[in-house]
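See below for the structure under consideration.
Both ligands and their constituent atoms are indexed starting at 1 by order of listing. This one's a predicted model, so the numbers in the text were calculated from it and none came from an experiment.
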Amino acid sequence: MRHAHIIGAGVAGLSTAVHLLNRGWNVTLHESAGHAGGRCRSFVDATLGCRIDNGNHLLLSGNGAALEYLSLIDAADGLTGPDKAAFPFLDLKTGRRWTVEMGAGRLPWWIFSEARRVPGSRPADYVRALRLAWAGERATVAECLGADNPLFKRFWEPLAVAVLNTAADEGAASLLWPVIRETFGRGEAACRPMIARVGLSESFVDPALRFLAGRRAGFFANHRLRALSLKGDRVAALTFEGGDEAVAAGDAVVLAVPPRNAAELVPGLIVPDLSRAIVNGHFRLPAASGDFSFLGLVGGVAQWLFVRGAVASVTVSAADTLAENDAAAIAGRLWDEVCRALALGEAPLPAYRIVKEKRATFAQTPDQVRRRPPARTPWKNLFLAGDWTQTGLPATIEGAIRSGRKAAETVIWSGSRA
Ligand SMILES: Cc1cc2nc3c(=O)[nH]c(=O)nc-3n(C[C@H](O)[C@H](O)[C@H](O)COP(=O)(O)OP(=O)(O)OC[C@H]3O[C@@H](n4cnc5c(N)ncnc54)[C@H](O)[C@@H]3O)c2cc1C
């Protein structure tokens, strides 16, 4: 049986492993950290006294590869969310609230209902989104959608910044279109917001590790790959901290590590080399308020607020400037916005945790998108996976999982021709 050595146990590496195991390959997964999950993980926070995710991760019901992966690892019930596609918003400057509610069919008749539209927007503003479909490689989101209309400020901008983790005036329009096409373009059932039912690790990571264990795949944490030994057009051996491991003829190596690490390991590999930060602020609320709710925020620092039980979490994407501040200063600013959003008056700052992910994703600008490499490399048995590889999608869970599926298909296809 053929064997794949997968380096990196984020969701891209896990997805590669699951798809290869499913097709009868043997798999060994090596991870440098003490745990799997990478940028998509949960941990116990002593200050808050509960388990939290490293960041709020929102998916949409049209994220087909993510749903397929969850079903393969027997975690099809791992996501939860409202049973209709409704996106509530608050303008922190004016206090105005509204909800964008999509309709059931592919044709967006709901844009003709003033009550379901963004305040101040006209049906023609929504039709303008079709420009994304023809956006050239160099176009930015703001150029395509026009930054001067209420729909942009009150819907497209917070959505695009969250999806691309890049400001709308530099974010690549070509990456936003596939998301719109696969979700909003397919009607209400494909654009329902979804989050992990308990936590990211409980949905995306732990069931995958159980899937691996059940198929006798090896998983080695604290096992950093230091170097690849390249001989001719193949990887001949892997150098880990503990020693070398030979790569047998017919075996494959999949690098599912972040772009900087891949560039250090593979000579001459061109990768996206700029990143953007995401800051999440988690606050303990005076009392639990229902199961789960979320709110889009405009006119402030935070873009999205999630409330789960007694913890309110806010997300700031493209947050490089904010991340320069110390945690206490960030907490003060974000808590003020949480109080306004949840009508908590001037409640004192509660227990909190600020999580700064300085390299949350690559900077999804047109120039950086052109640096994404494909799954195949010039070395016949070396393949790439990760949210930064050429998936045609933004750097998201859906993109990372799809990159893993693509890497597995490429490994199998190459193996069948060797
Ligand atoms: C705060 C935050 C919020 C986000 N919000 C969303 C969201 O709302 N919706 C969404 O869909 N996506 C979101 N994302 C993006 C999503 O988390 C990522 O796209 C996805 O997790 C990337 O997975 P990956 O496997 O490609 O990379 P990673 O998770 O980075 O995995 C790479 C793994 O490789 C390991 N590694 C590195 N070097 C080595 C080595 N030499 N040897 C062995 N192992 C190595 C690393 O430790 C890591 O575990 C968010 C990300 C962050 C950080």
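- Cation-pi geometry between Arg154 and Trp98 is met: under 6.0 angstrom from the ring centre, within 45 degrees of the axis.
- Contacts between Arg226 and ligand 1 below 4.0 angstrom, taking non-hydrogen atoms only, are absent altogether.
- The proximity of Glu31 to ligand 1, defined as any non-hydrogen pair under 4.0 Å, involves the side chain as well as the backbone.
- Between Phe283 and Trp335, the distance separating the two ring centers is shorter than 6.0 angstrom.
- Residue contacts with ligand 1 leave out Leu59, since none of its heavy atoms falls under 4.0 Å from the ligand.
- When the heavy-atom distances from atom 36 (N) of ligand 1 to Ser32, Ala9, Ala12 are ranked, the shortest goes to Ser32.
- Within the 4.0 Å heavy-atom criterion, neither part of Thr315 lies near ligand 1.
- Taking a cut-off of under 4.0 Å to the non-hydrogen atoms of Gly10, the atoms of ligand 1 that pass are 25 (O), 29 (O), 31 (O), 33 (C), 49 (O).
- The aromatic ring centroids of Tyr352 and His282 lie 6.0 Å or more from each other.
- The part of Ala395 lying near ligand 1 is the backbone, judged by heavy-atom distances below 4.0 Å.
- Comparing Asp387, Ile397, Asn54 against atom 11 (O) of ligand 1, the shortest heavy-atom distance belongs to Ile397.
- Both tests pass for Arg215 against the ring of Phe211: distance under 6.0 Å to the centre and angle within 45° of the axis.
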